[in-house]
Amino acid sequence: MPKKKAKAKAAKKKKKQTVKLTAEAKKALKQQQKERKKATAQFIQRVTPLLAVGSVLGLIIGVAVEPKMGIMAPAGILAVSLSYLYPRQALWFFFIYLPFSGTVTYALGGSAILQLAKDAFFFPAWAGLVQLLKKQRGKAKKESVFIPDKFKPILPWLLILTIYCLLVLFLINGGQQLDKPFPFKDDKSPFLLGVLGYKVFLGYIPLIFCTYHLIRSSKELLFTTRLHTVLAITCAALGFVQYQMLSSGRCEGTDHLVGDALFRATLDARCFVGGSLVWSPSQNMIRLPGTFVAPWQWAWFLIANASLTFTTAFNDPSAKWRIVGLMGMAGVFVNAVISGQRIALALVPVIVIILMVLTGQVTNLKRLIPIGGGLIVGLVVAWVLFPDVIQGRIDSFVSRWNAAPADDFIGHQIDFTWKSVRKSLLMMGMGIGRATNSARLFGDTTLVETWFPKVLFEVGVWGLLFWLCFVTAITVTTFRAYRSVKDKNLRGIGASYWVFILFISYQTYYYPLDVDPVAVYYWYMIGVVLKLPVVAEQERRKLEAERAEEEAAYQEALQKRQERLGVEAPVA
């Protein structure tokens, strides 16, 4: 009898607990629905006046200026306003939009304003995130939202570089603005040229701050690594379709042209996605833009994604996502071959090999063998399917190297930039933006095709020195940050990103930090690596809390069992 009574009491208690939990779950669900309705109503309340103002303004601009501009006006107002009001969502959209920006730009007409469209998401989102963090800081004062502890080693050099570049802007560009006539014949506004050059040079550094605060947990960290892998696969698939349409004749390309036109990228040959391209297989000249504005942007997208897809393939805790990462790597490899970009063909496999060595994956046979084997099979298949293309790219790379070895080319760039800089005021350079192609709207620019000579040309000896100190501080700080992480997967993500940070910080061939997408991915990766120790600490505390709960539940169950045995023992 006592046993039956005890069982009945236990069953009754369990039933009460279930009812209580169900009631709590229903209450929580109702609360979520209430918050969702409130958020939807707030969104509609915010969007309605923006649409009204944008429509009126767009109608006026459309009638007075151009119908296309009239359509862009309300879209721009809406994008800027919503990015400020919803900064986290805007930043995620910014990362998603970036790889397709070239396709969107030329699908809508290719105006200069559209080429800056992504900034309508980023800069308002940055300002909105600062305001959001200010409010949160007011409620719970913890680590500074403006200067997290992880930023302190790089902050002094960032401040010095920023202040110095402002001096160059006002002294050099401002001085040129005051000269009449302007010192360069094509100048329209040397100061505005400097403002745009300043934005290109340092404008995306705040992405470190934004990414650091955008990622709040390991779940969001994995979301962003997987997101970039999915974007890489999508863009690689679109790039492959572009190649097939050109090779099948559905797109005309440039092979029917004559003279220099056979070797020049043109928008008239645009095919399916992206912008200008060269398709002259009869001359062994192929330069595809993928989803970007120009072929060289596509090449650096592939180089950057050699690291981003590698991160998922080797460090994602989910086996399914590691397979997806492998697919991304295969897509990057194939496009490096068929795009006709020599630098992509050379650097993509080199970066993957360096990643395998420096991240220690060469010793991880459990993951290396299937992934490495898959990549080798993919490369063999690519060689079988595109033997002429691969051989053509190799021959083109070798001939280019023989004609202009990289060391001679860089030496020549340093020599001619130094001759100009040493004549400048206090060797402060020729002015910000003077070697920035996208700033040519406001004045005369010089083509400098390597990074450190470009920095030297624009901001002089002191600017180049401060830049080197800044990126060295970044490289050392991010190295220490990821090495402090004990979690195997998180440390692997940090190591993969750090290799790319190291490479971009000190490479001088071409100027990837001036153009999409490296101008975004470099600062994004720095923010991720600096956040890794915080995420790792959160995971450690979460694991400890779960273990403590399990231990408490076990102790409670053990105590109840002992109590039950103590009561029932005399009866037996």
S.K.: With the side chain counted from C-beta on, respond yes when Phe100 and Leu238 share a heavy-atom pair under 4.5 Å apart, and no when they do not.
M.R.: yes
S.K.: Side chains of Thr472 and Tyr506 only: does a donor on one sit below 3.5 Å from an acceptor on the other?
M.R.: yes
S.K.: Among Phe94, Trp523, Tyr97, Phe95, find the one that has a ring pair (Phe, Tyr, Trp, His ring centres under 6.0 Å) with Phe122.
M.R.: Phe94
S.K.: Can you check whether Gln413 reaches Thr508 side chain to side chain, under 4.5 Å on heavy atoms?
M.R.: no
S.K.: Compute the centroid of each ring, for Trp300 and then for Phe292, and state whether the two points are separated by less than 6.0 Å.
M.R.: no
S.K.: Side chain to side chain contact (heavy atoms under 4.5 Å, CB included) with Thr417: which of Leu464, Val455, Val448?
M.R.: Val448
S.K.: Ignoring hydrogens and angles, tell me if any N or O in the side chain of Thr477 forms a donor-acceptor pair with the backbone of Ile474 under 3.5 Å.
M.R.: no
S.K.: Can you tell me if Glu458 and Thr436 form a side-chain donor-acceptor pair at under 3.5 Å?
M.R.: yes
S.K.: First locate atom CD of Gln507, then atom OG1 of Thr450, and finally report the distance between them rounded to the nearest 0.5 Å.
M.R.: 9.0 Å
S.K.: Does CZ belonging to Arg540 count more than 12 external heavy atoms closer than 6.0 Å?
M.R.: yes
S.K.: Check whether the side chains of Ser280 and Thr254 place a donor and an acceptor atom closer than 3.5 Å, and report yes or no.
M.R.: yes
S.K.: Using a distance-only test with no angle check, is there a side-chain donor-acceptor pair under 3.5 angstrom linking Tyr204 and Tyr524?
M.R.: no
S.K.: Report the distance from atom CD1 of Ile208 to atom CG of Leu530, rounding to the nearest 0.5 Å.
M.R.: 7.0 Å
S.K.: Locate the shortest heavy-atom distance separating Gln242 from Gly290; write the atom from each residue and the value.
M.R.: OE1-N, 3.2 Å
S.K.: Could you check whether any side-chain N or O of Asp487 sits under 3.5 Å from a backbone N or O of Ala536, counting only pairs where one atom can act as donor and the other as acceptor?
M.R.: no
S.K.: Which heavy atom of Leu202 sits nearest to which heavy atom of Pro206, and what is that distance?
M.R.: O-CD, 4.0 Å
S.K.: Between Trp321 and Val230, is the side-chain contact (heavy atoms from CB on, under 4.5 Å) condition met? List the steps.
M.R.: CA-CA 10 Å; Trp321 277 102; Val230 171; 3.8 Å; yes
S.K.: Taking atom CD of Glu537 and atom CG of Leu490, what is their separation to the nearest 0.5 Å?
M.R.: 12.0 Å
S.K.: Just say parallel, tilted or perpendicular for the rings of Trp296 and Tyr511, cut-offs at 30° and 60°.
M.R.: tilted
S.K.: For Ile233, check side-chain contact (heavy atoms from CB on, under 4.5 Å) against everything at least two apart and list the hits.
M.R.: Thr229, Val324, Met327
S.K.: Can any side-chain N or O of Thr446 pair as donor or acceptor with the backbone N or O of Ala435 at less than 3.5 Å?
M.R.: no
S.K.: Taking C-beta and beyond as the side chain, do Arg216 and Arg88 meet within less than 4.5 Å on heavy atoms?
M.R.: yes
S.K.: Within this structure, what is the CG-CH2 distance for the pair Leu355 and Trp498, rounded to the nearest 0.5 Å?
M.R.: 11.0 Å
S.K.: Carefully, step by step, assess Leu222 and Asp316 under the rule side-chain contact (heavy atoms from CB on, under 4.5 Å).
M.R.: CA-CA 7 Å; Leu222 288 175; Asp316 197 288; 4.0 Å; yes
S.K.: Would you mind reporting whether Gln341 and Leu302 have side-chain heavy atoms less than 4.5 Å apart?
M.R.: no
S.K.: Tell me if the CH2 atom of Trp126 is crowded by more than 12 foreign heavy atoms within 6.0 Å.
M.R.: no
S.K.: What pair of heavy atoms forms the shortest contact from His228 to Thr224, and how long is it?
M.R.: ND1-O, 2.9 Å
S.K.: Hey, are the side chains of Cys165 and Val459 touching, using non-hydrogen atoms and a 4.5 Å cut-off?
M.R.: yes
S.K.: Can you confirm whether the side chains of Asp516 and Ser101 place a donor and an acceptor under 3.5 Å from each other?
M.R.: no
S.K.: Between the main-chain N or O of Thr475 and the side-chain N or O of Thr478, is there a donor-acceptor pair closer than 3.5 Å?
M.R.: yes
S.K.: Using ring centroids (six-membered ring only for Trp), state whether Tyr482 and Phe479 fall under 6.0 Å.
M.R.: yes
S.K.: Which heavy atom in Ser438 sits nearest to a heavy atom in Val200, and how many Å separate them?
M.R.: OG-CG2, 3.6 Å
S.K.: When you measure from the side chain of Thr103 to the backbone N and O of Thr291, does any donor-acceptor pair fall under 3.5 Å?
M.R.: yes
S.K.: Using the six-membered ring wherever Trp is involved, compare the ring planes of Phe209 and Phe151 and label them parallel, tilted or perpendicular (cut-offs 30° and 60°).
M.R.: perpendicular
S.K.: Does Phe500 reach the side chain of Thr311, with side-chain heavy atoms less than 4.5 Å apart?
M.R.: no
S.K.: So which heavy atom on Pro87 is nearest to which on Ala125, and how close?
M.R.: CB-O, 3.3 Å
S.K.: Between Arg541 (side chain) and Gln538 (backbone), is there a donor-acceptor pair under 3.5 Å?
M.R.: no
S.K.: Taking Arg287 for the side chain and Gly340 for the main chain, is one N or O donor matched with an acceptor at less than 3.5 Å?
M.R.: yes
S.K.: Tyr84 and Gln131: side-chain contact (heavy atoms from CB on, under 4.5 Å), yes or no, with the steps?
M.R.: CA-CA 9 Å; Tyr84 179 79; Gln131 293 302 315; 3.2 Å; yes
S.K.: Rounded at 0.5 Å granularity, tell me how far OG in Ser339 sits from CG in Leu277.
M.R.: 11.5 Å
S.K.: Quick one: are Ser276 and Tyr106 in side-chain contact, heavy atoms under 4.5 Å?
M.R.: no
S.K.: Which atom pair, heavy atoms only, marks the closest approach of Ala232 to Asn305?
M.R.: CB-OD1, 3.2 Å
S.K.: Pick out which of Phe201, Tyr198, Trp157, Phe466 makes a ring pair (Phe, Tyr, Trp, His ring centres under 6.0 Å) with Tyr164.
M.R.: Phe466
S.K.: How long is the span from the CG atom in Leu347 to the CZ atom in Phe503, to the nearest 0.5 Å?
M.R.: 4.5 Å
S.K.: Hey, mind stepping through Thr359 and Phe314 against side-chain contact (heavy atoms from CB on, under 4.5 Å) and telling me if it holds?
M.R.: CA-CA 10 Å; Thr359 62; Phe314 279 90; over 6 Å; no
S.K.: Would you say that Leu214 contacts Trp92 through its side chain, given a criterion of any heavy-atom pair below 4.5 Å between the two side chains?
M.R.: yes
S.K.: Hey, would you say the Tyr243 and Trp279 ring centroids sit under 6.0 Å apart?
M.R.: yes
